[in-house]
Amino acid sequence: MRFLIALFLLGSIAPQPGTVQVTVRVLDVRSDKGGVIHAALHPAPGVGFPGPTVAGNLDAAPKSPETVVVFQVAPGTYAAAVHHDANANGRMDTNLIGIPSEGYGVSNDPRPRFRAPHFSEAKVRIDRDTTLTLRLAY
């Protein structure tokens, strides 16, 4: 699926029948001088949100102040999670007490204190082409 999404972004293939386009606008990107924007769509609460199990996963070069990624997925309920991996080490870096030291955000922009956002706070029903806008917190 990731391969098909990447090809769609490059304009090499047409959208698949029965899918919708989800455009994720990532705002407040601090820098475009290296690193990677990791974006993922999660299909359900029990599959790792905001962790690694996803319906779609894309990496993009960061563009400041806004980076856009586009997914093709089946209609359904999803939560988007984005991480600005500034040092491109493939993981979310945290400080000594576990607070993220790199930019992150999820759909609906919940900002819980002392915990990661829950799927229920970030879920969005997607039945047609949709644009989700979220802000990174650093």
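Just so it is clear, the values below take in all heavy atoms, side chains as well, and ignore hydrogens, waters and symmetry mates. Count residues from 1 along the sequence.
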For this session: Flag the pair Thr133 / Leu27 as yes when at least one side-chain heavy-atom distance between them is below 4.5 Å, and no otherwise.
Result: yes
Seminar exercise, completed: Quick note, salt bridge (Lys or Arg N to Asp or Glu O under 4.0 Å) partners involving residues 129-138, not counting sequence neighbours, are Asp28-Arg135
Problem set entry | Shortest non-hydrogen contact between Val36 and Ala88, atoms and distance | CG2-CB, 4.1 Å
Problem set entry | Full working for salt bridge (Lys or Arg N to Asp or Glu O under 4.0 Å) between Glu102 and Arg91 | CA-CA 10 Å; Glu102 296 179 305; Arg91 61 186 173 90; over 6 Å; no
Exercise. Do any N or O atoms from the side chain of Thr67 and from the backbone of Val26 form a donor-acceptor pair under 3.5 angstrom?
Worked result: no
Exercise. Is Thr77 reaching over with its side chain to a backbone N or O of Val124, donor-acceptor style, under 3.5 angstrom?
Worked result: no
Problem set entry | Minimum heavy-atom distance Gly35-Pro62, with the two atoms named | O-CD, 3.3 Å
Exercise. Is Asn108 reaching over with its side chain to a backbone N or O of Lys123, donor-acceptor style, under 3.5 angstrom?
Worked result: yes
Exercise. Are Tyr104 and Ile37 connected, step by step, through hydrophobic side chains (Ile, Leu, Val, Met, Phe, Trp, Tyr) whose heavy atoms are closer than 4.5 Å?
Worked result: no
Problem set entry | Steps toward side-chain contact (heavy atoms from CB on, under 4.5 Å) verdict (Val22, Val70) | CA-CA 6 Å; Val22 180; Val70 180; over 6 Å; no
Exercise. Quick one: are Ser64 and Ser31 in side-chain contact, heavy atoms under 4.5 Å?
Worked result: no
Exercise. Do the side chain of Ser101 and the main chain of Asp93 share a donor and acceptor less than 3.5 angstrom apart?
Worked result: yes
For this session: Look at the side chain of Tyr78 and the backbone N and O of Ile126, then say whether any donor-acceptor pair between them is shorter than 3.5 Å.
Result: no
Exercise. Between Thr23 and Thr131, is there a donor-acceptor pair closer than 3.5 Å when you use the side chain of the first and the backbone of the second?
Worked result: no
For this session: Go through the steps to decide whether Leu136 and Val82 satisfy the test side-chain contact (heavy atoms from CB on, under 4.5 Å), and finish with yes or no.
Result: CA-CA 8 Å; Leu136 292 182; Val82 177; 4.0 Å; yes
Exercise. Can you pull the salt bridge (Lys or Arg N to Asp or Glu O under 4.0 Å) pairs that have at least one residue in residues 69-85, sequence neighbours excluded?
Worked result: none
For this session: Answer yes or no: are there more than 12 heavy-atom neighbours, outside Arg128 itself, under 6.0 Å from its atom CZ?
Result: no
For this session: Check each of Asp59, Leu132, Leu58 against Val69 using the side chain to side chain contact (heavy atoms under 4.5 Å, CB included) test, and report the only one that passes.
Result: Leu58
Problem set entry | For Gly18 against Pro75, the heavy-atom pair lying closest together | O-CD, 3.2 Å
For this session: Kindly compute the distance separating CD (Gln72) from CG (Leu41), expressed to the nearest 0.5 Å.
Result: 11.0 Å
For this session: Start with the C-alpha gap between Leu134 and Asp109, add the side-chain angles, then the distance that decides, and say whether side-chain contact (heavy atoms from CB on, under 4.5 Å) holds.
Result: CA-CA 6 Å; Leu134 57 93; Asp109 283 330; 3.5 Å; yes
Seminar exercise, completed: For Ala55 and Pro43, the nearest pair of non-hydrogen atoms, with its separation, is N-CD, 3.6 Å
Seminar exercise, completed: NE2 of His42 to CG of Asn57, rounded to nearest 0.5 Å, is 8.0 Å
For this session: Flag the pair Tyr138 / Arg30 as yes when at least one side-chain heavy-atom distance between them is below 4.5 Å, and no otherwise.
Result: yes
Problem set entry | CZ-OG distance between Phe119 and Ser107, expressed to the nearest 0.5 angstrom | 8.0 Å
Exercise. Between Lys63 and Val29, which heavy-atom pair has the shortest distance, and what is it?
Worked result: O-CB, 3.6 Å
Exercise. Roughly how far, to the nearest 0.5 Å, is the NE2 atom of His84 from the NE2 atom of His38?
Worked result: 9.0 Å
Exercise. Is it true that a side-chain atom of Ser120 and a backbone atom of His118 form a donor plus acceptor pair closer than 3.5 Å?
Worked result: no
Exercise. Salt bridge check: are Arg111 and Glu121 linked by an N-O gap of less than 4.0 Å?
Worked result: no
Exercise. If you look at every heavy atom in Met92 and Pro100, which pair is closest and at what distance?
Worked result: SD-CB, 3.6 Å
Exercise. Does a sphere of radius 6.0 Å around CZ in Arg115 hold more than 12 heavy atoms from other residues, nucleotides or ligands, not counting ones at 6.0 Å or beyond?
Worked result: yes
